[in-house]
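When a ligand or atom number is given, it counts from 1 through the structure's own listing order. Bear in mind the structure is a predicted one, so any value in this text is a computation, not a measurement.
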Amino acid sequence: MRLLKLLPILALSAASLFAQAQHYTFMVTGDDRSSGMPGRAGYDENGVNKTIMKEIVSEILRLKPKFLLFNGDLVAGYTTEEVFRSQLVGWLDIMKPVYAAGVHVYPARGNHDAYSKNAEKVWNEVFRGPYALPQNGPDHEKNFTFAAHEENALILGLDQWDTHEHSINQRWLNEQLAKNKLPIILTLGHEMAFMAGHHTDCLDNNEYARDTFINSLADAGARVYLAGHDHFYDHMEITDPKNHPNLNIHQFVVGTAGAPFYEGSQYTGHNGSWQLNQVKHIEQSYGYMIGEVDGLNVKLTFYGRTAPNVYEAMDTFSYTAAAKK
Ligand SMILES: [Fe+2]
C-alpha cells in the first residue's frame, strides 16, 4: 500500500531526471546562391538556386529541427541596393515556411551578402522584426555577429567582413566564451578557418588571428567549427600535437545548399604547425547536416542529395561535450 502511494512520486522524479537531459536536433547548411547571370536554367532565379532551396526547405519542414544554422552566401549579391534587396527578400520568401514552423533561423553573412551597394543597410531592413538576429553583437556588428542560447548549446555567429575581413571579432568572442555556462558550443562563420580545398581567401589569411580563434574555441571546450564558402562538403580533423597535445577540433564546410559546385580537396593553405586530417570530402552533392543532441552527446550527419528530393547519410561524427562546472 505504501509502495503504491510512492509510485507517482517515483514516476515524477524519473520524469524530471529525463527532462534534464536535453534532446533536440538542429540543421546546418549554406551557400545557396545562384551562379550569376543568366544563371542555371531551371535552378537559379534572382540570385538564389530556388529549386534546391525549396527541396531543402521541404527537408527542414519534414525533420523539424529546433534551429537552423545557415553559413552564408544566401544570395549572389555584388550588385545594386535594389537588386540585392530583391534577392534577400526572395530568399526570405522561400524560407518563410521554416520561420512559420517555429524553427529558429540563424544566418551568417557570406562575402556575397556583404558586398553589394549599402549591403549592411539592406540586410538590416530585411532581417528585422521576427527575422532579426539576436542584438547582442559588438558595436557596428549587431544583427551580423551574435550569440544565442538553445537548450544546452551556445550558438556563436561570427561576421567576417567590413572592418575585419577574413577574421572574427576575437575580443567579443572571448567575452562570450568567458561567461558561457553551456556545454555545447556551435560556432558558425562563412569562411573556413583552414583552407579546405578550393578558396584561398579564408581565415588563414591572418594566421595569428586564426590560431588565436581556434585555440580560444578549444580552450572553451568547443569541438566543432561550422563554415561554408567552398561549395562542397569537407570534414577536417584539426590537431596540433606540438603546441596543444589535447586539442581536437573538427571543421565542417557545408557549402551545399545550391551554389555552383567547386572542386579541390588538398589542404594547401597557411597551416603552420597544425595537422589537418581529411575525414571526409564529398563533391557534386547538394545537402545539409543534421545535429542530434542527447544531453552531452552530439551526433552530426551530413545528408547528400542522390536524386531529386532524396537525401542520404554520407558522413557521421559523434562526440561527447565536457560538462560545465
Ligand atoms: Fe563565399
Side-chain angles (χ1 to χ4, degrees), residues 28-37 39-40 43-44 46-50 52-53 56 68-79 83-84 87-88 90-91 95 105-117 119-120 122-123 126-127 133 141 144-145 157-168 187-206 209-210 213 225-236 251-265 267-270 281-289 302:
V28 183
T29 194
D31 285 282
D32 64 301
R33 68 168 177 84
S34 66
S35 66
M37 298 300 284
R40 295 159 290 181
Y43 289 91
D44 293 339
N46 197 21
V48 172
N49 183 338
K50 292 200 174 171
I52 296 303
M53 269 302 280
I56 287 177
L68 167 70
L69 306 178
F70 202 94
N71 61 42
D73 281 359
L74 282 57
V75 299
Y78 288 101
T79 183
V83 174
F84 181 51
Q87 291 181 348
L88 275 188
W91 184 90
M95 288 289 291
V105 182
Y106 296 103
R109 289 198 308 167
N111 48 306
H112 284 261
D113 310 312
Y115 295 113
S116 288
K117 181 88 171 147
E120 293 191 7
V122 174
W123 177 277
V126 175
F127 290 103
L133 288 153
E141 293 185 42
F144 309 133
T145 292
L158 304 177
D159 202 63
Q160 302 161 337
W161 315 110
D162 298 329
T163 57
H164 53 85
E165 279 184 334
H166 314 303
S167 64
I168 57 97
T187 308
L188 175 74
H190 182 63
E191 287 189 342
M192 57 288 290
F194 294 85
M195 188 269 194
H198 183 88
H199 270 293
T200 56
D201 51 321
C202 62
L203 302 190
D204 84 5
N205 288 199
N206 184 336
R210 186 274 314 277
F213 169 52
Y225 174 56
L226 306 167
H229 204 33
D230 277 350
H231 305 160
F232 47 55
Y233 173 80
D234 189 85
H235 174 184
M236 174 195 291
Q251 171 176 283
F252 293 91
V253 170
V254 191
T256 52
F261 291 127
Y262 288 162
E263 294 177 348
S265 59
Y267 297 159
T268 55
H270 304 127
H281 183 87
I282 300 167
E283 297 185 359
Q284 307 287 322
S285 184
Y286 302 118
Y288 53 82
M289 175 179 268
F302 176 71

Using the benzene-type ring in the case of Trp, are the ring centres of His231 and Phe261 under 6.0 Å apart?
-> no
Taking the Fe ion (ligand 1) as the vertex, measure the angle between atom ND1 in His229 and atom NE2 in His190; round to 10°.
-> 90°
Assess the pair Tyr225 and Phe213: is the distance between their ring centroids shorter than 6.0 Å?
-> yes
Is the Fe ion (ligand 1) under 2.8 Å from any N, O or S atom of Asp73?
-> yes
Under 3.5 Å, is there a donor-acceptor pair between the His199 and Glu191 side chains?
-> no
His112 near the Fe ion (ligand 1) via N/O/S, less than 2.8 Å | no
Ring pair (Phe, Tyr, Trp, His ring centres under 6.0 Å) with Trp91: which of Phe70, Phe84, Trp123?
-> Phe70
Is there an N/O/S atom in His199 at a distance below 2.8 Å from the Fe ion (ligand 1)?
-> no
